[in-house]
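Some notes on the structure that comes next.
All ligand and atom numbering here is 1-based and tracks the order in the structure.
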Amino acid sequence: MEAVLPDPTRFAGKVAIVTGAARGIGAGVAERFAADGAKVLLVDLLPEVLETAARLGQVGLVKSVTDRDAGETIAQAALKAFGRIDFLINNAGIGGSKRLLDSDDALIDRFLDTNLGSMLRITRSIVPHLPKPGGRIVNLSSIFGITGYPGTTAYAVAKAGVAQFTRQLAGELAPDGILVNAVAPGLIETPMTSGHLQNALYTRLMVEGTPVERLGQPADIAGPIAFFCSDDAAFVTGVVMPVDGGFLAARHGRI
Ligand SMILES: NC(=O)c1ccc[n+]([C@@H]2O[C@H](COP(=O)([O-])OP(=O)(O)OC[C@H]3O[C@@H](n4cnc5c(N)ncnc54)[C@H](O)[C@@H]3O)[C@@H](O)[C@H]2O)c1
């Protein structure tokens, strides 16, 4: 099958904010949006975000999304660099967590705030700057926010919250012409999952449970996110789309 090439005119004149963009899926999303002609502000708490941004010819900001002033700081940085904001990609997140009975208060707070609470606060700060109509928001949920996944409870609960946040916000912002959607990735090969992927049994079960029989790559997630921000998705809002090689639809399909 012929690869779909980026179109440098697709997002010409548009500005995207991508959180958690130093590496992994966020870096892949920033790369795709830049290739499609957008200007991109890459945000991360890791200083490496400045190198990732420089490599893509874009602008980086070192900032934790959990800082209470993150939303305003990110908005001002984007406006200062590019003068407008069209798309917000809420991607920053931390993976793992534990069974509930092994989770202390600090762990629960960290997972819920990094993966969900900060998303609400940052979005609240960015929305007033988005074009009405025309603004787009895409959130990162997970297949483990849709199906149960024992052993990583705070993470999965936060990701289910992201899915519901997406539906709530879609209804609240539709009258302004701002569309809000989410992707729910399956297992994607990134620094977040490199530890799990050392476990041969886990990897085998996940790959065998994925009908397309491979691990996902950041570009597999970036394409659907770009679609949600494109003119082709003008009638799409409140959707939480699994991007998982068929994992949720037909797990163990070959057995
Ligand atoms: N990789 C997967 O299999 C997978 C599956 C489902 C969902 N997701 C989601 O996709 C998103 C990206 O995951 P990834 O696999 O690329 O992870 P990753 O760890 O490779 O990258 C996440 C990035 O977010 C940044 N980040 C973490 N906390 C932050 C904070 N407080 N402030 C700013 N930046 C912060 C990290 O520094 C990192 O650069 C996450 O929301 C994750 O939950 C990933």
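More than 12 non-hydrogen atoms from other residues, nucleotides or ligands lie less than 6.0 angstrom from CG of D104.
Each of the following atoms of ligand 1 lies closer than 4.0 Å to a heavy atom of L46: 37 (O), 39 (O). Of all atoms in ligand 1, listed by their number and element, those nearer than 4.0 Å to a heavy atom of L187 are 3 (O). Residue K63 has at least one heavy-atom neighbour below 4.0 Å for each of these atoms of ligand 1: 32 (N), 33 (C). Interface of T193 with ligand 1, defined as ligand atoms under 4.0 Å from a residue heavy atom, comprises 1 (N), 2 (C), 3 (O). Below 4.0 Å from some heavy atom of G24 lie the following atoms of ligand 1, by number and element: 16 (O), 20 (O).
Ligand 1 lies nowhere less than 4.0 angstrom from a heavy atom belonging to E48.
Counting only heavy atoms of the protein, atom 16 (O) of ligand 1 lies nearest to I25 N, 2.7 Å. Annotation: atom 19 (O) of ligand 1 to nearest protein heavy atom, R23 NH2, 2.7 Å. Remark: minimum distance from atom 43 (O) of ligand 1 to any protein heavy atom is reached at Y155 OH, 2.7 Å. For atom 14 (P) of ligand 1, the closest non-hydrogen atom of the protein is T190 OG1, 3.5 Å. Given atom 22 (C) of ligand 1, the protein heavy atom at minimum distance is G93 O, 3.9 Å. Distance from atom 23 (C) of ligand 1 to its nearest protein heavy atom, with residue and atom name: G20 O, 3.4 Å. Protein heavy atom in closest approach to atom 3 (O) of ligand 1: I188 N, 2.8 Å.
In summary, the aromatic rings of F87 and F228 are positioned with their centroids too far apart to meet the 6.0 Å limit. With ring centers used as reference points, F33 lies under 6.0 Å from F11.
Formation of a donor-acceptor pair under 3.5 Å by the T19 side chain with backbone atoms of A92 is found in this model. A donor-acceptor pair under 3.5 Å is absent between the side-chain atoms of S141 and the main chain of V183, judged by distance alone. Between the side chain of K132 and the backbone N or O of V127, at least one donor-acceptor pair lies under 3.5 Å.
The side chain to side chain contact (heavy atoms under 4.5 Å, CB included) test with I225 is passed by exactly one of N91, L140, V18, N139: L140. The side chain to side chain contact (heavy atoms under 4.5 Å, CB included) test with I221 singles out one residue from V138, V243, D244, and that residue is V243.
Taking each of I221, L45, N115 in turn, the one with a heavy atom nearest to atom 35 (C) of ligand 1 proves to be L45. Distances from atom 13 (O) of ligand 1 to the heavy atoms of E189, M192, Q217 put M192 nearest. Checking D44, T19, V65 against atom 37 (O) of ligand 1, the nearest heavy atom belongs to D44. Remark: among candidates N91, I74, L140, the nearest residue to atom 40 (C) of ligand 1 is N91, based on non-hydrogen atoms. Compare G95, S64, S118, P185 by their heavy atoms: the one nearest to atom 31 (N) of ligand 1 is in S64. In the candidate list G186, P47, S142, G186 is nearest to atom 5 (C) of ligand 1, counting heavy atoms.
Under the 4.0 Å criterion applied to side-chain N and carboxylate O atoms, R10 and D36 are assigned as salt-bridge partners. Checked for salt-bridge contact, D113 and R121 meet the test: a charged N lies under 4.0 Å from a carboxylate O.
The distance criterion of under 3.5 Å between nitrogen or oxygen atoms is not met by G26 with respect to ligand 1.
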Between K63 and D44, is a salt bridge (charged side-chain N to carboxylate O under 4.0 Å, His left out) present by the stated rule, with each step listed?
-> CA-CA 5 Å; K63 187 75 185 163; D44 207 290; over 6 Å; no
List the steps, then state whether side-chain contact (heavy atoms from CB on, under 4.5 Å) holds for E208 with E213.
-> CA-CA 6 Å; E208 286 183 1; E213 291 189 340; over 6 Å; no
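Side-chain contact, N90 with T123: a donor N or O sits under 3.5 Å from an acceptor N or O.
When non-hydrogen atoms are compared, ligand 1 lies under 4.0 Å from the backbone of S141 (N, CA, C, O) but not from its side chain.
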